Number of protein chains: 2
Amino acid sequence: MLTTACKDAIRAMIYIAKKQKNIDNFISIKEIANNLDLSFYFLSKILQKLVKDGFLESYRGPNGGVKLAKPMGDISLYDIILSIDGDDVFTQCILGFKECSDIKPCAVHEKWAPERERLYNLFKDTTLEEIEEEIEKKINIKL
Amino acid sequence: MLTTACKDAIRAMIYIAKKQKNIDNFISIKEIANNLDLSFYFLSKILQKLVKDGFLESYRGPNGGVKLAKPMGDISLYDIILSIDGDDVFTQCILGFKECSDIKPCAVHEKWAPERERLYNLFKDTTLEEIEEEIEKKINIKL
DNA sequence: TTTATTTAAGACTTTATACTCTTAAATCTA
DNA sequence: TAGATTTAAGAGTATAAAGTCTTAAATAAA
């Protein structure tokens with residue numbers, strides 16, 4: 001469904017958003033990697049994409065790191081997925097046909113197209129803000 | 001979402017089911033590969049799994065090939081996906097946590113778990129029989 | 001201005017998936 | 001029985017994704 005790079009990106013963004021609620025500092029990638037038990041090298045690569053796409057702001061040097069470049073409510077899971085994996089999952093035919101559409105459908109288009117649309121809306125509507133609120137409410141949440 | 005091997009498997013199974021409605025012969029893998037524009041070598045490999053898992057019956061020699069080992073109504077898209085890709089897509093945490101559950105959820109468990117369940121039911125309920133009926137009704141369907 | 005800290009960028013290695021080829025085994029037909 | 005046909009099985013290759021490392025650039029603080 002999602003690449004591991006994309007999963008890591010989402011976890012990192014949730015971590016950053018959670019931390020940024022309290023203090024507006026830059027958060028070092030090293031700290032994120034350590035806390036989420038991810039490879040610093042790999043995570044650095046992934047976050048560079050989110051910086052390029054305008055979801056993170058980065059700063060070099062001591063006390064440098066990354067921070068959200070937009071309000072939490074303006075960053076959705078869809079945005080992160082699009083940035084890292086692309087939007088194939090939300091647009092592509094389940095059987096891989098490039099020209100599959102309502103007019104020229106594949107054998108399962110009628111089943112899959114609405115489901116794909118549903119997934120799109122779900123991820124588009126789920127923002128970092130909403131996730132943070134969910135985390136606050138519950139205890140025992142894995143990050 | 002699905003590997004290309006799995007997509008090819010589904011297309012092949014739909015092709016076999018469609019053909020088998022009329023004649024109950026074994027269908028050669030070469031014929032399937034030619035008609036669906038797939039590599040014979042690759043398709044052979046894929047179909048071997050479906051034979052092992054009891055969804056196809058195979059026969060060697062002249063006029064040999066493969067045919068469905070069960071009624072079309074008893075083979076679902078879920079069965080094919082499970083056989084080729086495994087059921088990770090229907091069971092795994094979207095963020096990749098192995099121990100994610102209702103009791104110890106990840107940050108998006110509440111959003112993803114019901115959706116995963118929905119996808120499971122959709123693919124479980126969609127049988128080759130149903131797909132065939134859909135194909136009969138429409139023209140212009142890509143196989 | 002030197003040193004430490006931190007991200008950026010690109011090269012590199014490893015692993016998994018996709019894909020191909022060869023040989024063996026089963027079966028039919030002549 | 002010999003030859004043709006077809007799947008089975010396993011080895012081998014190519015490509016893409018995952019993961020690591022090195023060097024450069026920016027910045028802060030001593």
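Values below: all heavy atoms of this structure, side chains included; hydrogens, waters and symmetry mates excluded. Note on naming: letters A, B, ... go to the chains in the order of the sequence lines (proteins, then strands), and numbering restarts at 1 for each one. Just so it is clear, the model here is predicted, and its values are computed rather than measured.
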- [ ] Output yes when at least one side-chain N/O atom of A/T4 is less than 4.0 Å from OP1 or OP2 of D/dA17, else no.
- [x] no
Task: NZ/NE/NH1/NH2 to OD/OE distance under 4.0 Å, A/K142 and B/E99 - done: yes
Open item on the list: I'd like to know whether B/E130 forms a side-chain contact (heavy atoms from CB on, under 4.5 Å) with B/E134, so could you lay out the CA-CA distance, the side-chain angles of the two residues, the decisive distance to 0.1 Å, and finally the verdict.
Closed with: CA-CA 6 Å; B/E130 192 190 339; B/E134 198 60 40; 5.8 Å; no
Task: Sugar-phosphate, base or nothing in reach of A/K52, heavy atoms under 4.0 Å - done: sugar-phosphate
TODO: Please report, rounded to the nearest Å, how far the C1' atom of D/dT22 is from the NZ atom of A/K45.
DONE: 10 Å
Task: Closest-nucleotide ordering on DNA chain D, the 5'-leading residue of A/L2 and B/I27 - done: B/I27
Open item on the list: Determine whether A/F55 and A/L128 satisfy the following criterion, side-chain contact (heavy atoms from CB on, under 4.5 Å), listing intermediate values before the conclusion.
Closed with: CA-CA 11 Å; A/F55 299 110; A/L128 291 178; over 6 Å; no
Task: Gap between atoms CZ and C1', on A/F40 and D/dT22 respectively (whole Å) - done: 12 Å
Open item on the list: Is it the case that C/dT6 (base atoms only) and A/R60 (side chain only) share a donor and an acceptor within less than 3.5 Å, ignoring hydrogens and angles?
Closed with: no
Task: Side-chain N,O (A/S39) to OP1/OP2 (D/dA18) below 4.0 Å - done: no
TODO: Would you mind telling me which of D/dA11, D/dA26, C/dC28 lies closest to the side-chain atoms of B/P62?
DONE: C/dC28
Open item on the list: Between C1' on D/dT6 and CD on B/Q48, what's the gap in Å once rounded to a whole number?
Closed with: 12 Å
- [ ] Could you walk me through whether A/I81 and A/I10 pass side-chain contact (heavy atoms from CB on, under 4.5 Å), step by step?
- [x] CA-CA 8 Å; A/I81 294 167; A/I10 293 171; 4.2 Å; yes
- [ ] Give one of base, sugar-phosphate or nothing for B/F26, where a contact means two heavy atoms less than 4.0 Å apart.
- [x] nothing
Open item on the list: Under 4.0 Å, heavy atoms only, any strand: does B/S44 hit a base, just the sugar-phosphate, or nothing?
Closed with: nothing
Task: Nearest-0.5 Å distance that lies between atom CG in A/L56 and atom CE in A/M13 - done: 4.0 Å
Task: Atom pair distance, as rounded to whole Å: CG in B/N63 and P in C/dA30 - done: 11 Å
Open item on the list: From the set C/dC28, D/dA9, C/dA18, return the single nucleotide nearest to any side-chain atom of B/F42.
Closed with: C/dA18
Open item on the list: Below the 4.0 Å mark, does D/dT6 have OP1 or OP2 next to a side-chain nitrogen or oxygen of B/S28?
Closed with: no
Open item on the list: Rounding to an integer number of Å, can you tell me how far A/N25 CG sits from C/dT6 C1'?
Closed with: 14 Å
- [ ] With the side chain of B/V51 defined as its heavy atoms from C-beta on, choose the nearest nucleotide among D/dA8, D/dT20, D/dT7.
- [x] D/dA8
Task: Distance in Å, B/K104 NZ paired with B/H109 NE2, rounded so as to fall on 0.5 Å steps - done: 12.5 Å
- [ ] Tell me what B/L47 touches on the nucleic acid: a base, only sugar-phosphate, or nothing, going by heavy atoms under 4.0 Å.
- [x] nothing
Task: Stepwise side-chain contact (heavy atoms from CB on, under 4.5 Å) test for A/K111 and B/L77 - done: CA-CA 11 Å; A/K111 288 267 179 181; B/L77 291 185; over 6 Å; no
- [ ] Could you state the atom-to-atom distance from CG of B/D85 to P of C/dA18 in whole Å?
- [x] 8 Å
Task: Length of the CG-C1' vector between A/D53 and C/dA8, whole Å - done: 15 Å
Task: Under 4.0 angstrom between A/Y59 side-chain N/O and D/dA28 OP1 or OP2 - done: yes
TODO: Quickly work out the A/L43 CG to C/dT6 P distance and round it to whole Å.
DONE: 15 Å
- [ ] Check DNA chain C against residues 30-38 of chain B and give the residues with a non-hydrogen atom under 4.0 Å, in numerical order.
- [x] none
